[in-house]
Amino acid sequence: MTGADYFVPFRTKLRSMRTEPFGADPAGVRMQRILNSPNFADGVFQNPLGARTRPSGSGLEFAKIYFQKEQRIRRAPAGPVPVHATTLADLAAPPATGLRLTWMGHSSVLAEIDGRRVLFDPVWGERCSPFPFAGPKRLHPVPVPLATLGPVDVVVISHDHYDHLDLPTIRALAGTDTVFAVPLGVGAHLERWGVAPDRLRELDWNETAKVNGISLTATPARHFCGRGLRNNQHTLWASWAVSGPEHRIYHSGDTGYFPGFRDIGAEHGPFDATMIQIGAYSEYWPDIHMTPAEGMRAHLDLQGGRPHGVMLPIHWGTFNLAPHAWAEPAEWTKDAAEEAEQAAAFPRPGEPFEPGGTLPVGPWWRAVSAPMAHSWRPARSTEGLDEASKGDLDLAGER
C-alpha cells in the first residue's frame with residue numbers, strides 16, 4: 001500500500017472489493033440520467049407514495065417468529081411441489097389466441113404475445129443471494145432448463161433485488177441475441193455481467209421502448225432497490241406494461257399498494273392478463289409488498305375498477321421470504337378472486353395457459369401444504385356444528 005492509498009475514500013475501496021454478484025454502481029452518462037430524472041430527489045429515487053423500506057417493529061420479535069422451528073415448517077411445502085415438466089412441445093406451437101403465459105415460479109414468467117416472447121424477471125439460480133452457500137434456496141426445481149427455453153425477444157427486469165435479478169441467469173442470457181429492458185440504473189449491473197450496451201433498453205418511469213413490434217413501458221411501483229448492505233436508491237424499480245398489436249399485459253414486479261394503479265390502467269390498460277405480486281407480505285413491511293387482498297384490488301384498479309382479463313398471482317411458492325404459510329398467498333388469492341368475481345389462473349410452475357382459453361384453477365397446492373388458518377376470512381357461525389367440524393373450519397381445503 002502506498003501513502004496515496006490512505007487518501008482514497010473508504011467507500012471507493014469497498015466498491016473495488018465488491019464481487020460480481022453485487023453488480024456495479026451507475027456512473028458517467030447513466031448516472032447523469034439518474035440525476036436528471038424527475039423521480040430522483042435528495043440523492044435517491046423516490047416512491048410515488050411514501051414507503052418504509054426497512055422492517056418496522058421489533059427485530060427480536062421478528063427473529064423469534066421467523067426462525068422458530070414450527071414456523072419454518074409451515075413456510076415450506078409439506079412434499080414435492082408438482083412442477084409441470086415444461087417441454088419444447090408445450091411451447092412449440094404458437095398460442096391459438098395469440099397470448100400464452102408460463103409461470104416458472106416466483107416472479108419469472110414467459111409471456112408469448114402476438115408472435116413475440118417476453119421473459120419477465122428470470123431467476124434460474126438455486127439461491128436468491130450473492131453467495132452460493134447461503135440465502136433463500138429454491139423450494140422446487142426450475143420447470144425447464146434455461147438453455148432449452150428457446151429464443152427470447154426481450155428479457156424484462158423489474159428491479160435489482162436478488163430474487164428478481166439473478167447473476168447466473170443473466171450471464172446465460174447474455175450469450176443470446178435477446179434485448180434487455182430494465183429500469184434506470186440497472187443496466188450497470190448487466191454491463192458488468194457481459195450484456196452489451198447496445199442490447200440494453202434502460203428506462204425511467206413512463207418511458208417506452210419498442211422491440212420487434214412490442215411496446216414495453218416502465219411504469220411506477222412502490223418498492224426500493226439495492227444489492228448490498230448500503231441501499232443508496234441509485235437504481236430504479238418498476239412495474240411493466242407490455243403491448244402488442246392485439247394484446248396487453250402487465251407485470252407488477254415488487255410493489256406495495258398505491259393509488260397509481262388506476263393511472264397505469266387508464267394509460268395502458270385494460271389488460272388481457274396481469275401478473276401481480278401477492279406473496280412475501282408481512283406486517284413488518286406493509287408498504288413494499290402487497291397482500292393477496294391488495295393484489296386483487298390492484299388488478300381491479302388496473303382494469304378500470306371492474307373484473308376484466310385474467311389475474312396470475314406471482315411472487316410466491318418458490319422462495320421462503322416472509323413469515324406467512326407457504327401456500328397462504330394462493331389460498332387467499334383464490335378467495336379474493338371468487339369474492340370479486342374475477343378470473344384468476346393458478347397454474348403449477350411450468351404449466352402454460354392462455355388467458356383467452358381454459359384456465360388452470362385447481363388448488364394443487366393443498367396436496368402439499370400443511371393445514372393453515374384462514375385468518376383473512378370473516379368469522380363464520382359454528383351454530384349446529386359438532387366440535388370436530390368447528391375445528392376444521394379454518395383449515396386449508398375447507399370451503
Tyr250 vs His268, ring-ring contact (aromatic ring centres under 6.0 Å, His included): CA-CA, chis, key distance, verdict: CA-CA 9 Å; Tyr250 172 85; His268 303 285; 9.1 Å; no
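- Contact annotation: the side chain of Pro349 never approaches that of Thr318 to less than 4.5 Å [non-hydrogen atoms, C-beta and beyond].
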field: ring-ring contact (aromatic ring centres under 6.0 Å, His included) between Phe224 and His159, intermediate numbers included
entry: CA-CA 8 Å; Phe224 67 111; His159 63 297; 7.8 Å; no
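- In this pair, Trp332 and Trp376 present their aromatic rings parallel. The plane angle is below 30°, not in the 30 to 60° band.
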message: Determine whether Arg127 and Tyr162 satisfy the following criterion, side-chain contact (heavy atoms from CB on, under 4.5 Å), listing intermediate values before the conclusion.
response: CA-CA 9 Å; Arg127 294 184 186 273; Tyr162 291 95; over 6 Å; no
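- Linking ILVMFWY side-chain heavy atoms closer than 4.5 Å, directly or via other members, places Trp316 and Val310 in a single hydrophobic cluster.
- Ring pair Phe45/Trp237 is perpendicular by interplanar angle, where above 60° counts as perpendicular and below 30° as parallel.
- Nearest heavy atom pair, residue Met311 against residue Ile276, reads CE-CB, 3.8 Å.
- Side-chain polar atoms of Asp254 and His315 form a donor-acceptor pair below 3.5 angstrom.
- Following chains of ILVMFWY side-chain contacts shorter than 4.5 Å, one cannot reach Val152 starting from Val156, and the two form parts of different hydrophobic clusters.
- Relative ring orientation between Trp103 and Trp364 is described as tilted, the plane-to-plane angle lying within the 30° to 60° band.
- When every heavy atom of Met372 is checked against every heavy atom of Ala325, the shortest pair comes out as CB-CB, 4.3 Å.
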task: Evaluate the side chain to side chain donor-acceptor pair (under 3.5 Å) criterion for residues His374 and Asp335: first the C-alpha distance (whole Å), next the side-chain angles of each, then the deciding distance (0.1 Å), finally the verdict.
output: CA-CA 10 Å; His374 286 155; Asp335 277 0; 5.2 Å; no
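- His251 and Phe120 have parallel rings, their planes meeting at less than 30° on a 0 to 90° scale where 60° marks the start of perpendicular.
- The aromatic rings of His106 and Phe319 sit perpendicular to each other, their planes meeting at more than 60°, with 30° as the lower class boundary.
- Residue Asp177 places its CG atom among 12 or fewer non-hydrogen atoms of other residues, nucleotides or ligands, all under 6.0 Å distant.
- Clustering ILVMFWY residues whenever any of their side-chain heavy atoms sit less than 4.5 angstrom apart, transitively, puts Val109 in a cluster other than the one holding Trp124.
- A salt bridge does not link Glu207 to Arg201: none of the charged side-chain nitrogens sits closer than 4.0 Å to a carboxylate oxygen.
- Side-chain N or O atoms of Ser239 include one that pairs as donor or acceptor with a backbone N or O of Thr219 at under 3.5 Å.
- Taking CG from Leu236 and CG from Asn39, the interatomic distance works out to 6.5 Å, rounded to the nearest 0.5 Å.
- Formation of a donor-acceptor pair under 3.5 Å by the Arg192 side chain with backbone atoms of Phe22 is not found in this model.
- Between Pro220 and Ile264, the closest heavy-atom pair is O-CD1, 3.7 Å.
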query: Could you walk me through whether His299 and His308 pass the ring-ring contact (aromatic ring centres under 6.0 Å, His included) check?
result: CA-CA 9 Å; His299 170 89; His308 182 79; 8.3 Å; no
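- Closest heavy-atom contact between Pro122 and Leu119: CB-CD2, 3.6 Å.
- Remark: Gln46 CD is packed, more than 12 non-hydrogen atoms of other residues, nucleotides or ligands lying under 6.0 Å away.
- Using a cutoff of 4.0 Å between basic side-chain nitrogens and carboxylate oxygens, Arg30 and Glu191 are scored as salt-bridged.
- In this structure, Phe258 and Phe261 have tilted ring planes: the angle between them lies in the 30° to 60° band.
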- request: Would you check, one step at a time, whether the test side chain to side chain donor-acceptor pair (under 3.5 Å) holds for Asp160 with His189?
  value: CA-CA 8 Å; Asp160 67 0; His189 301 313; 3.0 Å; yes
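- Under the 6.0 Å distance and 45° angle rule, Arg222 does not count as a cation-pi partner of Tyr257.
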